[in-house]
Structures are given as structure tokens and as C-alpha cells.
> 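First the structure, which I've put down as C-alpha cells, then a few questions once you've had a look.
This is a predicted model, so every value here is computed, not measured. As a basis for the values below, the full set of heavy atoms in this structure was taken, side chains included, without hydrogen atoms, waters or symmetry mates.
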Number of protein chains: 2
Amino acid sequence: MVRSADIAKAIAHPARIAILKMLAQRNTCFCGDITEVLPLAQSTVSQHLKALKSAGLITGKVEGVRTCYCLNTAGIMELKSTLSELSNELVETCC
Amino acid sequence: MVRSADIAKAIAHPARIAILKMLAQRNTCFCGDITEVLPLAQSTVSQHLKALKSAGLITGKVEGVRTCYCLNTAGIMELKSTLSELSNELVETCC
DNA sequence: ACATTTAATCGTAAAATTACGATTAATACT
DNA sequence: AGTATTAATCGTAATTTTACGATTAAATGT
């Protein structure tokens, strides 16, 4: 319940969804790549990345002066299963 | 993107998830039923119900002095499809 | 060595969320 | 008519979120 809520919270912002989709498309991104695309300051993007990371949805590996961000397979799988379980639980009984 | 975020936001709180699950189990609830179960004040529960309603996930029909709350089939279906689309988009490319 | 680049962190402000008690409005009961 | 019940709304406080610019730390390039 709390875990589902935390996962939902992680994707409960358009910027964070945009970041996840960008990572899905490009496979990897540096913070700067995202800052270029989103209408947000670098520090704000960094903050969203931190949120996604601590929710376990992405990983960040330092590569020299930059950090290479990736989707975290395990976390994304958990997101998928957790939310689809919840959805199914609700759909079953509402129809 | 914004819609996905709004739907996620609606379920981004344990109390709101609990309310949805309760509605799934019992089919219908009055505000008082929920207040009995959750460790929250009536006004707080009412607030969460309002949030779920304006996200389109539940309906509330006034029945005399009480309001009968139900899962909103269309909204729940949208939740399911929106979140599973997003999940799939992310899973595909992270594995 | 020194300047540049990159991203994290800090400090802070504004807005939104969460929670509560009190009040209100509407209906039902006596 | 008067009381009780139910849930919405109001007012408010505390916390969290979101966003920004400035600064810092670390690595790279000159």
C-alpha cells in the first residue's frame, strides 16, 4: 500500500515521466541532455533525477565529470507489476 | 504525460489507495464507513474522496443524508490502460 | 597550474498537500 | 418543530514539493 503509493508518487509529475520516457528512448542520458530538452533548470532536473533514483526507477553511474543515467530494469519491472496488480484488483470488481 | 501524472498523483497516497481497495471489496461505501476503518478524521477522508472523484476514479451519489461512493468503471479502466501503457513503454526498452 | 565543464548540493521562496477541528447544510427521526 | 445524523466546506497549521540561482566538488582540457 505504502510501496504502491511511493511508486505512484515517483511518476506523479510530468517532468519525471518525461525523464523516464527520454531514458527509454535514448537508453542513457546525462543530466545535461535532459536539461536541454525540458524547460527546467539544471538543479531542478537533478532533483527529479534524485527522486527517481531513490524510488529505484533509475540508476546513475558517474563517468568522469558527468553522470550517466539509465532506467533500472528491476525498478521498472516492480513499477509495472505493482501498478498492474493494483489496477487489476480494482478493475475486477468495478465492472 | 500530464494525464498520466494526474492519475498517478491520485493514487500517490496510501489513504487513497486504501479507499479504492475498500470500494473494490465492498462495492459501495459511505464516507462514514471509510472513516470508521482509516485512522483519519472525517474531514480528511472527505478531502481524499474529493480528490479521487475529481480524478474520475470514483463517483458519489447523494442518498438522503449520506453519499454513496463507487468505483467509476471508466476512470479505473483509464487508470489501468494509461499506467500499463506507460509501464510497457518503459519495460520494453529497459530490458 | 589554471580555466572549463558537469552535476550535486545549499539556501530559499512559493505553492501544494495533508491533516484537523469547527461549522454548515441537508435530510431523517421523534 | 426540534433534534440527530451525515458529509461537505471553511479556516488554519504543519509539512512537503517544486523551482530557482548560487556555490561547490570533481574531473577534464589547455
> Take atom NZ of B/K61 and atom P of C/dT27, then tell me their distance rounded to the nearest Å.
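It is 16 Å, rounded to the nearest whole Å.
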
> Sequence neighbours left out, what passes side chain to side chain donor-acceptor pair (under 3.5 Å) with A/E78? Give chain and number order.
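Testing A/E78 for side chain to side chain donor-acceptor pair (under 3.5 Å), a comparison that skips the adjacent residues, returns A/R3.
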
> Do A/L86 and B/L20 touch side chain to side chain, with heavy atoms closer than 4.5 Å?
no

> Taking salt bridge (charged side-chain N to carboxylate O under 4.0 Å, His left out) as the definition, give me every residue that meets it alongside B/R26, ordered by chain and number, with sequence neighbours left out.
none

> According to the side-chain hydrogen bond (donor to acceptor under 3.5 Å, both in side chains) rule, which pairs have a member within residues 5-15 of chain B, sequence neighbours left out?
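Qualifying pairs, neighbours excluded: none.
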
> By the side-chain hydrogen bond (donor to acceptor under 3.5 Å, both in side chains) test, which pairs, at least two apart or in different chains, include something from residues 38-48 of chain B?
B/R16-B/H48

> Hey, could you give me the OG/CD distance between A/S4 and A/E89, rounded to the nearest 0.5 Å?
8.5 Å

> For A/K80, check side chain to side chain donor-acceptor pair (under 3.5 Å) against everything at least two apart and list the hits.
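Listed in chain order: B/N88.
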
> For B/Q25, enumerate each residue passing the side-chain contact (heavy atoms from CB on, under 4.5 Å) test, keeping only those at least two apart in sequence or located in another chain.
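Partners of B/Q25 under the side-chain contact (heavy atoms from CB on, under 4.5 Å) test: none.
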
> Please report the distance, rounded to the nearest Å, between CD1 in A/I19 and C1' in D/dT18.
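Whole-Å distance recorded here is 13 Å.
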
> Hey, can you pull the donor-acceptor pairs under 3.5 Å for the side chains in residues 53-61 of chain B, sequence neighbours left out?
{"unit_1": "B/S54", "atom_1": "OG", "unit_2": "B/K50", "atom_2": "O", "d": "3.3"}
{"unit_1": "B/S54", "atom_1": "OG", "unit_2": "B/A51", "atom_2": "O", "d": "3.3"}

> Using a 4.0 Å heavy-atom cut-off to protein, can you give one letter per nucleotide of nucleotides 25-30 of chain D, 5' to 3': B if the base is in contact, S if only the sugar-phosphate is, - if neither?
-BSS--

> Excluding sequence neighbours, so at least two apart, what forms side chain to side chain donor-acceptor pair (under 3.5 Å) with B/D33?
none

> Nucleotides 8-12 of chain D: which of its N/O atoms have a protein N/O under 3.5 Å away?
{"unit_1": "D/dA8", "atom_1": "OP1", "unit_2": "B/T67", "atom_2": "OG1", "d": "3.4"}
{"unit_1": "D/dA8", "atom_1": "OP1", "unit_2": "B/Y69", "atom_2": "OH", "d": "2.2"}
{"unit_1": "D/dA8", "atom_1": "OP2", "unit_2": "B/S46", "atom_2": "OG", "d": "2.6"}
{"unit_1": "D/dA8", "atom_1": "OP2", "unit_2": "B/Y69", "atom_2": "OH", "d": "3.4"}
{"unit_1": "D/dA8", "atom_1": "N7", "unit_2": "B/Q42", "atom_2": "NE2", "d": "2.8"}
{"unit_1": "D/dA8", "atom_1": "N6", "unit_2": "B/Q42", "atom_2": "OE1", "d": "3.0"}

> Hey, is the side chain of A/H48 poking within less than 4.0 Å of OP1 or OP2 on D/dA19, counting only N and O atoms?
yes

> Of B/R66 and A/A41, whose nearest nucleotide on DNA chain D comes first from the 5' end?
B/R66

> Whole-Å distance between C/dC20 C1' and B/L38 CG?
15 Å

> Of all residues at least two apart in sequence or in a different chain, which pass the side-chain contact (heavy atoms from CB on, under 4.5 Å) check with A/T28?
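A/C68, A/C70.
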
> Identify, residue by residue, the members of residues 4-13 of chain B with a heavy atom below 4.0 Å from DNA chain C, and return them in order of residue number, or none.
B/K9, B/H13

> Between atom CZ in B/F30 and atom P in C/dA26, what is the gap in whole Å?
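From B/F30 CZ to C/dA26 P: 20 Å.
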
